[in-house]
Amino acid sequence: SAVISQKPSRDICQRGTSLTIQCQVDSQVTMMFWYRQQPGQSLTLIATANQGSEATYESGFVIDKFPISRPNLTFSTLTVSNMSPEDSSIYLCSAGTGAGANVLTFGAGSRLTVL
Amino acid sequence: TQLLEQSPQFLSIQEGENLTVYCNSSSVFSSLQWYRQEPGEGPVLLVTVVTGGEVKKLKRLTFQFGDARKDSSLHITAAQPGDTGLYLCAGYGKAAGNKLTFGGGTRVLVKP
């Protein structure tokens, strides 16, 4: 199955700054997704990263706050903009690898702490 | 309210005991998946069930999909400390907008 690398793995950020998380897949995948997770809790889908077009955001998430790029079938970035302490979380990149892309492989996550 | 409700939220047992985690919904899913996540890692797929009433076994883990495809259970026999982790069920289908939606998760701690 696909191997997903995310970086940074963790970071401590200042309020008001922005941070970009990178996600690299070792093979071409059709679907890529970004999730947010509080430690020990469930996953919330932020958006679907679409190759060559704008990402599709879930309710409660907007492009200005979480701009996403997907320049090709193996790479995506998520930016967390104008961060506040409420943005402290684990951000996970995933790729759809099953038929219909409904089986997910995840990266190890990027743990952000906003002070 | 989440589309998929997992119970219990937390389970602490001794090595060698059995445990069951439940994943329930009022909606029908095309398929249901179980993932396990360890600290500092992303979730890893354990199994996918697609047929109502289906039972799958993975060593000491037994997964069952309800007849109506609305619920699932994960049973671990003779749990080991290596089974410790966050267990997540995830459903796919029209009810979830043809996307994967996750349950709230069950934290399992197996003490030696």
Side-chain angles (χ1 to χ4, degrees), chain A residues 1-11 21 23-25 29-50 55-61 78 89-113, chain B residues 1-12 21-25 29-51 56 63 65 69 84-109:
Chain A
S1 61
V3 176
I4 298 178
S5 302
Q6 265 186 253
K7 59 180 182 181
S9 58
R10 58 176 59 228
D11 206 341
I21 302 167
C23 177
Q24 180 73 55
V25 189
V29 292
T30 306
M31 308 292 287
M32 291 184 73
F33 307 91
W34 287 96
Y35 285 85
R36 186 168 70 182
Q37 181 184 33
Q38 295 297 328
Q41 298 185 24
S42 189
L43 282 69
T44 300
L45 181 62
I46 297 172
T48 302
N50 300 310
T56 305
Y57 290 85
E58 297 300 304
S59 176
F61 298 96
L78 168 74
S89 192
I90 300 169
Y91 293 85
L92 291 152
C93 170
S94 68
T97 53
N102 61 344
V103 173
L104 300 182
T105 299
F106 286 87
S110 299
R111 186 163 188 157
L112 302 187
T113 302
Chain B
T1 304
Q2 289 191 296
L3 196 57
L4 282 166
E5 296 286 343
Q6 276 187 246
S7 62
Q9 290 183 315
F10 176 67
L11 201 52
S12 177
V21 178
Y22 300 94
C23 178
N24 295 306
S25 177
F29 292 95
S30 303
S31 66
L32 201 137
Q33 301 163 27
W34 285 92
Y35 292 80
R36 179 170 67 208
Q37 183 180 24
E38 298 183 22
E41 301 294 328
V44 175
L45 179 71
L46 295 174
V47 76
T48 301
V49 286
V50 298
T51 305
K56 280 191 174 179
F63 305 86
F65 202 13
R69 292 185 288 132
T84 294
L86 177 68
Y87 289 82
L88 295 153
C89 67
Y92 181 84
K94 283 185 181 178
N98 290 325
K99 288 173 286 192
L100 203 60
T101 188
F102 283 83
T106 297
R107 287 193 298 129
V108 172
L109 173 64

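These numbers come from a predicted model, not from an experiment.
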Side chain, backbone, both or neither of [X] within contact of chain A (heavy atoms, under 4.5 Å):
| X | result |
| --- | --- |
| B:S31 | side chain |
| B:Q33 | side chain |
| B:L88 | side chain |

Note to self: Counting only heavy atoms not in A:Y57 (residues, nucleotides, ligands), do more than 12 fall under 6.0 Å from its OH?
What the structure shows: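 More than 12 heavy atoms, drawn from other residues, nucleotides or ligands, come within 6.0 Å of this atom.
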Margin query: Looking at A:Q38, I want to see if its CD is surrounded by more than 12 non-hydrogen atoms of other residues, nucleotides or ligands under 6.0 Å.
Written below: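 Above 12, so yes.
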Next item on the list: Could you look at A:Q37 and say if it's the side chain, the backbone, both or neither that has a heavy atom under 4.5 Å from chain B?
Entry: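 Side chain of A:Q37 only, per the 4.5 Å heavy-atom cut-off to chain B.
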Notebook entry, point to check: Is it the side chain or the backbone of A:L45 that comes within 4.5 Å of chain B heavy atoms, both, or neither?
Noted result: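 Contact with chain B involves the side chain of A:L45 alone.
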Note to self: Applying ring pair (Phe, Tyr, Trp, His ring centres under 6.0 Å), can you list everything that pairs with A:Y35, at least two apart in sequence or on another chain?
What the structure shows: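 Ring pair (Phe, Tyr, Trp, His ring centres under 6.0 Å) check on A:Y35 returns A:F106, B:F102.
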Next item on the list: Could you tell me which of A:S94, A:G109, A:G40 has the largest number of non-hydrogen atom pairs under 4.5 Å with chain B?
Entry: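 Looking at each of A:S94, A:G109, A:G40 in turn, A:G40 comes out on top.
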Note to self: How long is the straight-line distance from CD of B:Q37 back to CG of A:L92, given to the nearest 0.5 Å?
What the structure shows: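 Answer for the CG-CD pair, A:L92 versus B:Q37, is 6.5 Å.
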Check: Between the side chain of A:S42 and the main-chain N/O of B:G105, is any donor-acceptor distance below 3.5 Å?
Finding: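 No; zero donor-acceptor contacts below 3.5 Å.
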Next item on the list: Would you name the heavy atoms of B:L86 and A:Q41 that are closest together and state the gap between them?
Entry: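 Minimum heavy-atom separation between B:L86 and A:Q41: CD2-O, 3.5 Å.
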Notebook entry, point to check: Which pairs, with at least one residue in residues 37-49 of chain A and sequence neighbours excluded, count as a salt bridge (charged side-chain N to carboxylate O under 4.0 Å, His left out)?
Noted result: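 Qualifying pairs, neighbours excluded: none.
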Note to self: Is the shortest side-chain heavy-atom distance between A:L104 and B:Y35 below 4.5 Å?
What the structure shows: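 Side-chain contact under 4.5 Å: yes.
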